[in-house]
Each structure stands twice: as structure tokens, then as C-alpha cells.
Amino acid sequence: MVEGRIKKIKKARFALPSLVTLGSVFCAFLSMSFVFKSQALQGDERLLLLQYAAIAIIGSIVFDTFDGKVARWTKTSTKFGMELDSLSDCVSFGIAPALLIYGFALNEAGIFGLIASFIYACGALLRLARFNIEAPDEGVQTFFKGIPSPAGAACLAAIVLACIDTQIMPSTPFELNTLCVVAIAVGLLMVSNVKYKTLKGKKTKGDIAFVLIGLILFGSMCFVFTPSIAFFLLVCYFVVYGMLLTIYLNLKRVPRRRRAWRESSISNPAVKRSNKEETTKNADKNADNSAHKDNSASDSKDVDKIADNSEREDKSASNSEDSKAAETSAKTAETKTED
């Protein structure tokens with residue numbers, strides 16, 4: 001009996017990470033249902049349901065954060081769980097945020113709003129597909145290439161919460177078009193090469209400073225403004241941090257390579273010796289080539305001289321033969337005259 005219960009507990013342990021992942025899908029489904037219900041309402045009731053929809057997406061982000069940790073804690077990481085997590089992220093951070101931003105304001109922007117929402121959803125799906133391909137089999141990934149899909153969903157949810165809290169609703173064509181551009185930018189940012197820290201593995205001083213600054217910013221803004229504004233500023237801080245980090249790494253990469261090459265060439269005598277040997281070998285090769293060219297030129301000149309001499313000898317021989325023939329003809333003529 002005891003062994004049977006232990007086996008059942010072990011089997012249930014494998015289902016725990018999948019249940020957390022399905023919790024993320026449930027929050028996304030709840031968000032989409034709130035968006036659908038809000039379209040039949042007006043005024044504060046509509047904004048309240050949209051606010052609930054944005055909070056539900058934040059709930060999906062929380063569940064997605066803990067499903068991997070639960071799998072590592074229980075040592076039940078499986079390929080099935082990875083595939084389920086990827087599919088749930090497509091719904092939670094691709095389709096649900098796109099419907100949220102479209103139902104919030106972009107439906108009033110016409111075809112441009114529809115295209116902007118679709119581009120965001122495509123960006124999230126492509127981001128997840130690229131992550132599945134580029135994820136290392138071993139080791140810890142220190143950087144994300146492109147903003148993570150949960151952070152992209154957090155951007156749209158933060159915009160909706162901040163607009164509802166401040167009562168600043170996009171209504172003019174300029175405001176609607178600006179919101180469309182923001183949605184497209186977030187979608188493109190997910191498939192870009194901008195680097196973001198994963199905060200996995202061994203923490204560096206930069207990682208600790210990044211987290212502390214974010215917590216201080218969020219806590220202070222909660223006291224000064226409202227939690228929705230603080231959350232919006234926290235998301236902006238995360239997005240801008242990745243852009244600045246990418247610029248810094250790109251500017252630092254080229255001088256570092258040049259410096260490493262110079263230091264290796266200076267400190268390593270073998271490199272110097274090899275460089276000198278290569279230069280001497282190249283010089284010897286050039287000298288041999290030039291000498292070979294000179295020899296070939298002199299040989300060609302000698303051959304020309306020999307040919308000229310042979311031609312002269314041939315001419316002289318022919319001339320002597322002609323003179324002999326003339327003499328013999330003259331002698332025969334004289335003998336005939338004497339006869």
C-alpha cells in the first residue's frame with residue numbers, strides 16, 4: 001500500500017509543472033473573454049473589463065515565470081513540458097495581448113490597427129520559434145536575442161493599464177496611429193538582435209545592480225504615482241536597458257579584439273618569431289623570383305645571340321657557295337673561248 005502511494009505521488013509530481021503552465025493558458029483565456037465582453041459595453045464598465053484583461057495577462061506572466069522553476073525544483077523537466085510551455089506562450093503572449101490592444105483602441109484605427117495587432121502576434125510567434133531553435137542544449141543562456149515574449153506582452157498590458165488609470169484614452173488619429181506604431185515596434189523588437197539579460201546562472205555585479213535599480217524604481221514610483229504607472233515605468237526601464245546594453249557591447253567589441261591581438265603579438269615571442277620568419281620567407285621568395293626572372297631574361301638573350309650567329313654563318317656559307325659557282329662558270333666560259 002505504501003509503495004503504491006509513493007508511486008502515485010511520483011506520477012503526480014510530473015504533472016505539477018504542466019498544471020502551472022496550464023494556469024498561464026487559463027489566464028490568457030480569461031483575458032480574451034474579458035476583451036470580448038467589453039466590446040458590448042460602454043464607459044467605465046468597458047474600461048473595467050479591459051483592466052481585468054490586462055491584469056490577467058500579468059497573471060500569465062507570473063505562471064510562466066514559475067513553471068520552469070517548479071520543473072527544476074521537482075526534477076521533472078521533460079520534452080513534453082517544454083513543448084507545452086512553448087504552445088502556451090504562443091497563446092498567452094502572442095494572441096491574448098494582440099486581442100487586448102486591438103479591443104482597447106486599435107479597432108478604431110481601421111485596417112492599420114488590424115495590421116499592427118497582427119504584426120505584434122507574428123513577432124511573438126517568430127520570437128518563440130527562434131528561441132526553441134537557438135536554445136543551448138547544455139549550459140546557461142546569459143542573453144536573450146530580442147525582447148522576451150512575456151516582456152512584450154507586459155509592454156502592451158502596461159500601456160492599457162496606464163491609459164485607463166490616467167483616463168488618457170487614445171481617440172484622435174495621431175494618438176491611434178502612435179499606438180499602432182508602438183505595437184509594431186514591440187513586435188519587431190521581439191525578432192531583433194537586441195540583447196537582454198536572462199538573469200540565469202551566476203549573478204554578476206551588473207545583474208545585481210540591474211535588479212536593484214528596477215526594484216527601487218518600482219517601489220518609489222508606487223509611492224509617487226499609482227502601481228499601474230509604476231509598472232509602466234518598470235517595463236520602459238527594461239526595454240531601454242536592453243537597447244543601451246546592446247549599443248555598449250557593440251562599441252566595446254571592436255576595440256577589445258584589436259587590443260587582444262596587439263597584446264598577444266607583443267607578449268608572445270613565438271608570434272613575433274613566426275611573423276619574422278614569415279617576413280623573411282616572403283623576402284626570400286621575392287628575391288628568388290626576381291633572380292629567376294633575371295636568369296630567364298639572360299638565357300633568352302643568349303639564345304637570341306646564338307640564333308643571330310647561326311643566321312650569319314648560314315648567310316656567309318651561302319655567299320661562299322655562290323662565289324664558287326661563279327668561278328666555275330667563268331672557267332668553263334674561258335675554256336670554250338680557247339677552243
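These numbers come from a predicted model, not from an experiment.
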Within the 4.5 Å heavy-atom criterion, are [X] and [Y] side-chain neighbours or not?
X      : Y      : value
Leu244 : Tyr248 : no
Val20  : Pro17  : no
Cys180 : Leu106 : yes
Tyr196 : Leu245 : no
Leu99  : Phe36  : yes
Phe232 : Ile159 : yes
Phe231 : Met221 : no

Cluster overlap [X] with [Y], hydrophobic side-chain contacts below 4.5 Å:
X      : Y      : result
Leu161 : Leu50  : yes
Met169 : Val35  : yes
Val235 : Phe218 : yes
Ile95  : Tyr120 : no
Leu176 : Tyr102 : no

For [X], which fellow cluster members are found when Ile, Leu, Val, Met, Phe, Trp and Tyr are connected by side-chain heavy-atom distances below 4.5 angstrom, either directly or through intermediates?
X      : value
Phe29  : none
Leu212 : Ile208
Phe223 : none
Val25  : none

Taking only residues two or more places apart in sequence, or in another chain, which ones meet [X] in a side-chain hydrogen bond (donor to acceptor under 3.5 Å, both in side chains)?
X      : value
Thr21  : Asp67
Asn177 : none
Glu108 : none

Shortest non-hydrogen contact from [X] toward [Y]:
X      : Y      : answer
Leu189 : Ser192 : O-OG, 2.7 Å
Pro227 : Cys222 : CA-SG, 4.1 Å
Leu179 : Ala105 : CD2-CB, 3.7 Å
Ala183 : Leu156 : CA-CD2, 4.4 Å
Ile61  : Ala154 : CD1-CB, 3.8 Å
Leu100 : Ala53  : CD1-CB, 3.8 Å

Taking side chain to side chain contact (heavy atoms under 4.5 Å, CB included) as the test, write out the residues that go with [X], two or more places apart.
X      : result
Phe118 : Cys122
Ser60  : Ser24, Cys27, Ala28, Ser92, Phe93
Ala151 : Ile147, Pro148, Phe238

Distance check, rounded to the nearest 0.5 Å: [X] atom [atom1] versus [Y] atom [atom2]?
X      : Y      : atom1 : atom2 : result
Phe112 : Ser117 : CZ    : OG    : 10.0 Å
Leu114 : Ile119 : CG    : CD1   : 10.0 Å
Ile184 : Ile115 : CD1   : CD1   : 8.0 Å
Ile168 : Cys163 : CD1   : SG    : 7.0 Å
Ile101 : Asn107 : CD1   : CG    : 10.0 Å
Ile247 : Lys195 : CD1   : NZ    : 13.0 Å

Going by side chain to side chain donor-acceptor pair (under 3.5 Å), name the pairs with one or both residues in residues 45-57, residues two or more places apart or in two chains.
none
So which pairs with a foot in residues 223-237 pass side chain to side chain donor-acceptor pair (under 3.5 Å), sequence neighbours left out?
Asp165-Thr226, Asp165-Ser228, Thr226-Ser228
Check step by step if side-chain hydrogen bond (donor to acceptor under 3.5 Å, both in side chains) holds for Glu83 and Asn132.
CA-CA 9 Å; Glu83 295 296 332; Asn132 292 336; 5.7 Å; no
Would you check if the side chain of [X] reaches a backbone N or O of [Y] as a donor-acceptor pair within less than 3.5 Å?
X      : Y      : value
Arg130 : Lys145 : yes
Ser86  : Met82  : no
Thr246 : Val194 : no

Compute the centroid of each ring, for Phe210 and then for Tyr241, and state whether the two points are separated by less than 6.0 Å.
yes
